[in-house]
Student: 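Got a structure for you, questions after.
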Amino acid sequence: MSELAHASVVELGRLLEAKKVSALELAQHFLARIEATRELNAYLDVRPEATLAQARAADARRARGESGPLLGVPVAHKDIFVTREWASTAASKMLAGYMSPFDATVVDNLKRAGMVCLGKLNCDEFAMGSSNENSAYGNVLNPWDEKAVPGGSSGGSSAAVAARIAPAATATDTGGSIREPAAFAGVTGTKPTYGRPSRWGMIAFASSLDTAGLMTQTAEDAALVFNAMLGFDPKDSTSVERPPEDFTRHLNDGVRGLRIGVPKEFFGAGLAPDVDAAVRAALGEYEKLGARLVEISLPNAHLGIPVYYVIAPAEASSNLARYDGVRYGHRARDFSDLTDMIKKSRAEGFGAEVKRRILIGTYVLSHGYYDAYFIKAMRVRRLIAQDFQRAFAHCDLIAGPVTTSVAFEFGEKAADPVAMYLADLYTVPGSLAGIPSMSLPCGFGAKGRPVGLQLMANHFEEAKMLGAAHAYQCATDWHRRVPAGY
Ligand code: GLN
């Protein structure tokens with residue numbers, strides 16, 4: 001039966017279409033696997049009744065003659081998306097047990113396409129982190145190696161797809177939280193252009209960066225699910241209004257003649273030799289497939305981390321001001337007056353990393369520091385974005401490593417926030433520029449841990465990027481590897 005769980009979204013859609021399996025059977029199959037892999041701690045909330053009801057509804061739609069490649073295919077959601085039928089906590093004590101009165105647009109879009117929700121996935125608290133060690137509900141284990149982190153902040157999403165306890169999972173990327181965990185867990189993680197997915201109902205971290213995306217086994221699956229998931233949403237003021245497009249349209253284009261830019265700054269000191277070797281081998285594969293590699297430069301990319309750690313905390317400090325114990329979220333039990341109630345509620349509800357970001361953010365936005373830090377960071381952000389525009393004059397896509405090393409160990413960086421922040425060295429520049437990017441499994445490094453290849457495209461060119469990823473996945477089988485025991 002594990003064949004069923006190992007099938008991709010596209011394959012499951014075909015099985016459903018051919019009536020070889022029902023949505024209900026699929027849901028039951030995945031729920032049983034979730035139950036049997038509880039020790040991974042990938043899921044925060046599983047409600048079989050709600051899942052089975054959605055599966056029955058999908059089967060009923062098919063029985064009425066409806067069809068669709070996603071109708072009845074299971075999906076799980078990162079606990080950053082609010083859901084009516086499952087608790088929405090952002091992996092924070094602050095929102096323990098919170099039931100949203102509505103579904104996030106992304107959740108709703110997938111539900112309308114007939115996808116069946118398996119539950120909510122663990123992550124770093126308010127999506128702040130690179131290892132999933134900041135969840136108030138415990139670490140998620142990496143199915144490849146339980147000593148290794150699954151990456152963050154979307155660690156539940158990456159672990160769930162890697163362990164085949166969800167064929168696809170939503171995730172969010174603010175500075176790397178889809179690509180880094182995808183690389184660490186050996187799955188395909190795709191972040192579209194900022195503004196393409198709706199942020200409505202996505203619990204806010206840094207609003208100018210937060211982008212919903214997917215963890216899947218394949219690029220083909222991501223393209224197919226994006227067709228249902230992405231699109232203009234009048235409820236989100238930064239949603240981009242563009243005609244709907246078919247993200248699968250370039251899947252069979254191949255890469256002959258494609259110019260792939262290789263940023264020289266991404267291969268310097270700090271890149272572990274095992275990751276370097278796997279990424280270079282993947283670039284070699286692209287050459288064999290007919291692509292042309294061109295060296296490019298992103299001279300300001302190294303400023304990405306300091307810029308990001310001014311802008312993201314600034315926006316977070318503002319977004320998180322809403323958790324005051326008054327309207328929703330945790331409220332302290334004992335307090336003397338309103339100010340004391342707010343102080344205690346926030347002190348008790350937020351974890352250490354979230355507090356650190358609120359402190360940094362409040363600092364860089366305060367009078368006297370605003371120009372020195374926040375405005376300066378915004379200016380450098382523009383320079384980083386311009387680097388990409390210059391580079392894309394010479395290439396169609398950009399490729400390089402996702403992370404400097406394979407997955408690190410639990411506790412290895414937890415006491416050193418700066419070391420943890422550096423995990424996003426190669427992902428943050430693309431986030432600041434708002435361009436689409438993804439991580440593809442491209443081999444294994446030290447201790448048999450997965451390595452990711454990063455692809456980046458210019459704004460709104462995710463279909464081209466997914467096509468190049470699909471070409472690689474047709475020629476290699478790294479994305480088909482499953483950790484032992486799953
Ligand atoms: N690791 C980065 C951070 O902690 C990115 C997180 C994210 O993309 N959500 O901010």
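Every value quoted in this text rests on a predicted model; they were computed, and no experiment measured them. Numbering of ligands and ligand atoms starts at 1, following listing order.
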Student: Any atoms of ligand 1 less than 4.0 Å from a non-hydrogen atom of Gly129? List them with their elements.
Tutor: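 Answer, ordered by atom number: 1 (N), 2 (C), 3 (C), 4 (O), 6 (C).
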Student: Compute the shortest N/O to N/O distance between Asp424 and ligand 1 and return yes if it is under 3.5 Å, no if not.
Tutor: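 Looking only at distances, the answer is yes, because the N/O contact criterion of under 3.5 Å is met.
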Student: Between Ser317 and Ala314, is there a donor-acceptor pair closer than 3.5 Å when you use the side chain of the first and the backbone of the second?
Tutor: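 Judged by distance alone, yes, a pair lies under 3.5 Å.
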Student: Within the 3.5 Å criterion, strictly below it, is a donor on Thr172 or Lys78 matched to an acceptor on the partner's side chain?
Tutor: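 Note: Thr172 and Lys78 side chains meet the donor-acceptor criterion.
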Student: Give me the residue, atom name and distance of the protein heavy atom closest to atom 10 (O) of ligand 1.
Tutor: Tyr308 OH, 2.6 Å
Student: If you measure every N or O of Ser130 against every N or O of ligand 1, does any of those distances drop under 3.5 Å?
Tutor: yes
Student: Counting only heavy atoms closer than 4.0 Å, does ligand 1 sit against the backbone of Tyr421, its side chain, both, or neither?
Tutor: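 None of Tyr421 does.
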Student: Numbering the atoms of ligand 1 from 1, which are under 4.0 Å from a heavy atom of Ala127?
Tutor: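 Listed by number with element, the hits are 6 (C), 7 (C), 9 (N).
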Student: Judged by atom type as modelled, is there a donor-acceptor pair below 3.5 Å linking the side chain of Asp274 to the main-chain atoms of Gly445?
Tutor: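 Pair absent, no side-chain N/O of Asp274 close to backbone of Gly445.
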Student: Going by distance only, is there an N or O of Ser177 that falls short of 3.5 Å from an N or O of ligand 1?
Tutor: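 Between Ser177 and ligand 1 (N or O atoms, distance only) the closest approach is under 3.5 Å.
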Student: Do ligand 1 and Met128 have nitrogen or oxygen atoms that lie under 3.5 Å from each other?
Tutor: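 In this structure, Met128 places no N or O atom under 3.5 Å from an N or O of ligand 1.
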Student: If we ignore angles and hydrogens, is there a donor and acceptor under 3.5 Å between the side chains of Asp221 and Thr216?
Tutor: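 There is no such pair (donor and acceptor under 3.5 Å, judged by atom type) between the side chains of Asp221 and Thr216.
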Student: Measure Arg357 to ligand 1 on non-hydrogen atoms and call it side chain, backbone, both or neither using the 4.0 Å cut-off.
Tutor: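 It is the side chain that touches ligand 1; the backbone stays farther off.
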Student: Kindly check if the number of other-residue, nucleotide or ligand heavy atoms within 6.0 Å of CZ (Phe232) is above 12?
Tutor: yes
Student: Before signing off on this row, confirm whether Phe205 and ligand 1 have an N or O atom pair separated by under 3.5 Å.
Tutor: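 N/O-N/O distance below 3.5 Å does not exist for this pair.
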Student: Would you tell me whether Ser131 and Glu133 have side-chain atoms, one donor and one acceptor, within less than 3.5 Å of each other?
Tutor: yes
Student: Hydrogens and angles aside, do Ser207 and Asn319 bring a side-chain donor and acceptor to less than 3.5 Å of each other?
Tutor: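 Note: Ser207 and Asn319 side chains meet the donor-acceptor criterion.
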Student: Please determine if Gly175 has a nitrogen or oxygen closer than 3.5 Å to a nitrogen or oxygen of ligand 1.
Tutor: yes
Student: At a non-hydrogen distance cut-off of under 4.0 Å, which region of Ser153 contacts ligand 1 (side chain, backbone, both, or neither)?
Tutor: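 It is the side chain that touches ligand 1; the backbone stays farther off.
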Student: For the residue pair Ser208 and Glu315, confirm or rule out a side-chain donor-acceptor distance under 3.5 Å.
Tutor: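 Result is yes, a qualifying pair exists.
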Student: Heavy atom of Ala312 under 4.0 Å from ligand 1?
Tutor: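 Heavy atoms of Ala312 never come under 4.0 Å of ligand 1.
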Student: Quick one, Lys447 with Asp145, criterion salt bridge (Lys or Arg N to Asp or Glu O under 4.0 Å). Give me CA distance, side-chain angles, the key distance, then yes/no.
Tutor: CA-CA 9 Å; Lys447 300 187 177 157; Asp145 181 343; over 6 Å; no
Student: In terms of residue, atom name and distance, what is the protein heavy atom nearest to atom 3 (C) of ligand 1?
Tutor: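 So the nearest neighbour among protein heavy atoms is Tyr309 OH, 3.1 Å.
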